[in-house]
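This is a predicted model, so every value here is computed, not measured. In what follows, chains carry the letters A, B, and so on, assigned in the order in which the sequence lines appear, proteins first and then strands, with residues in each chain numbered from 1.
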Protein chains: 2
Amino acid sequence: MDTQSKSNITAVSDAPPTVCSACEARHGGVCAALSSAQLIELNRTSTKRHFDAGSEVIGQGEQTVGYSNILHGVVKLSKMMADGRQQIVGLQFAPDFMGRPFLKESNLTAEAATNVEVCAFPRVGFERLVSETPDLEHKLHQQALKELDEAREWMLTLGRKTAQEKVASFLYLIATHIDPTQPFKKTFDLPLSRADIADFLGLTIETVSRQMTKLRKENVIVIENNRHVIVPDQRRLRMAGGVD
Amino acid sequence: MDTQSKSNITAVSDAPPTVCSACEARHGGVCAALSSAQLIELNRTSTKRHFDAGSEVIGQGEQTVGYSNILHGVVKLSKMMADGRQQIVGLQFAPDFMGRPFLKESNLTAEAATNVEVCAFPRVGFERLVSETPDLEHKLHQQALKELDEAREWMLTLGRKTAQEKVASFLYLIATHIDPTQPFKKTFDLPLSRADIADFLGLTIETVSRQMTKLRKENVIVIENNRHVIVPDQRRLRMAGGVD
DNA sequence: AAATGTGATCTAGATCACATTT
DNA sequence: AAATGTGATCTAGATCACATTT
């Protein structure tokens, strides 16, 4: 899984490192702010890492050891109360940046929802690069604002929507985020279990199940083998989710 | 209310403008990133503005005409669905920065919850200053991350807490934010009506009322004249709110 | 066997209808 | 008179208990 070469002659090279040229995250990701020289510099300490579905990327309260870009897969961010109640507070997709800049320890748990590939950077080097590169901080700022917009949108879903609307909103979110190259994917595999979906929507597993069945019976979606979803009509799904 | 003088001789002055020296927002606010020269520059176009409680600062979908720093008062940020359901997605207190950088139009409504004083900056000039001043963008980035942390914390409240815990969490939030100079204020006036509190917590007015009464009967809080709250024991309030 | 679906029953919070307070 | 409080009733979603599917 670690197919990456860490050697790159410093010299007069002005092409980006091979790994970076091939990287899916470069287009929309934070690395787009970096010059070839900076990519070479960052690439010297970066490693490609794999997380199996279900494995923990970082735990609530743990020290931040590094940051990363998601190359492939879905990561869930969650918070837990003392008594075990859990809320998923966000999902991250390629080419999102992962990690909370400027904080020593994580205030949430990040867990691979599917198999996940990331390009990981050690903390110190990356933070130095950020402080030296205003364009990079600008990119990170933009992503933080995007995540803030999404979190607030989801607060409306959590606070004011019915169970039916919540489930439809979730399916709409997945359809619009699962493939970075398409604005809406009509066909996809759910990256989360019913239990995770419940934790994301503030519902129980049973309610999620029933609402899925209802959306299926109303022909808003087709489900095959539990995880595979087909959305025949994007507009109907938006309506069902109360998405404006 | 507009007691501000806009004149400041450019010359060799290296002291911050008088208005800025007296400004409460300077200490923790984004202006702290600016040099005296930059403060003088920004101050040339900034105006102190007042909003009466209940008046709209900016509406969902409106063009961003400027940004501002809250000097005094509480601003509520809300989102509304097509059918009128409303969710308050955040509260802002002095010395918070208001406005969504880098977006042409607002994706939410900002409304003065109490009487509010702000220091307002026209959009274009401020954006130029941001692009020229990495420290200022860093400050804005930090505030965006702080708001993101708070939004996610609130998602846990909205998705997983009981009505009782929600109301206690709200009171705790106010007690810890209403006075920027104190970590916890034992005595305060509620900046929101019961209707607004309901919209913030994803509850109805009646449920908020009943839970307030319950917290009162359990001696977690004392309420005088509807709006005035006394918290005898910070720990008990945290417990009631499931705050960790 | 672990995840998902579904029926029966329960209950927290919504809804409806007023009373009370500021 | 507008905001708040509270009783009576209702209901969406939770809980409990299994059946079914992968």
Item to check | Within residues 79-91 of chain A: residues closer than 4.0 Å to DNA chain C (heavy atoms) | outcome: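 By residue number: none to list.
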Checklist outcome for this item: Residue pairs passing the salt bridge (Lys or Arg N to Asp or Glu O under 4.0 Å) test with at least one member in residues 161-179 of chain B, sequence neighbours excluded, are A:R85-B:E165
Within this structure, what is the [atom1]-to-[atom2] distance between [X] and [N], rounded to whole angstrom?
X	N	atom1	atom2	value
A:E224	D:dT22	CD	P	11 Å
A:D199	D:dA14	CG	C1'	14 Å
A:H228	D:dT22	NE2	C1'	16 Å
B:L201	C:dA12	CG	P	18 Å
A:K166	D:dG13	NZ	C1'	9 Å

Counting only N and O atoms by type, is there a donor-acceptor contact under 3.5 Å from the side chain of [X] to the main-chain atoms of [Y]?
X	Y	value
B:R238	B:D244	yes
A:S68	A:G99	no
B:R152	A:L77	no
A:T114	A:A53	no
B:S55	B:A112	no
B:T176	B:F184	no

Checklist outcome for this item: Under the rule of Watson-Crick or G-U wobble with both distances under 3.5 Å, where | means paired to another strand and [ ] a crossing pair, DNA chain C maps to ||||||||||||||||||||||
Checklist entry - What residue pairs, at least two apart or across chains, pass side chain to side chain donor-acceptor pair (under 3.5 Å) with a residue in residues 87-103 of chain A? => result A:Q92-A:E147, A:D96-A:K146, A:R100-B:D149
Item to check | Nearest-nucleotide comparison on DNA chain D, the residue closer to the 5′ end among A:Q211 and A:N225 | outcome: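 Mapping each residue to its closest nucleotide by heavy atoms, the 5'-most match is A:Q211.
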Less than 3.5 Å apart, which donor and acceptor atoms pair up between the side chains of residues 226-235 of chain A and the rest of the protein, not counting sequence neighbours?
from: A:R227; atom 1: NH1; to: A:L190; atom 2: O; distance (Å): 3.0
from: A:H228; atom 1: ND1; to: A:D189; atom 2: OD1; distance (Å): 2.9
from: A:D233; atom 1: OD1; to: A:R235; atom 2: N; distance (Å): 2.9

Checklist entry - Does the separation of the ring centres of B:F97 and B:F126 fall below 6.0 angstrom? => result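 Centroid separation for B:F97 and B:F126: below 6.0 Å.
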Item to check | Check ion pair B:K79-A:E153 (N to O, under 4.0 angstrom) | outcome: yes
Find every protein N or O atom lying less than 3.5 Å from an N or O atom of nucleotides 4-7 of chain C, and list the pairs.
from: C:dT4; atom 1: OP2; to: A:R194; atom 2: N; distance (Å): 3.1
from: C:dT4; atom 1: O3'; to: A:N226; atom 2: OD1; distance (Å): 3.3
from: C:dG5; atom 1: OP1; to: A:R194; atom 2: NH2; distance (Å): 3.3
from: C:dG5; atom 1: OP2; to: A:R194; atom 2: NE; distance (Å): 2.8
from: C:dG5; atom 1: OP2; to: A:S209; atom 2: OG; distance (Å): 2.5
from: C:dT6; atom 1: OP2; to: A:T213; atom 2: OG1; distance (Å): 2.6
from: C:dG7; atom 1: N7; to: A:R210; atom 2: NH1; distance (Å): 2.9
from: C:dG7; atom 1: O6; to: A:R210; atom 2: NH2; distance (Å): 3.3

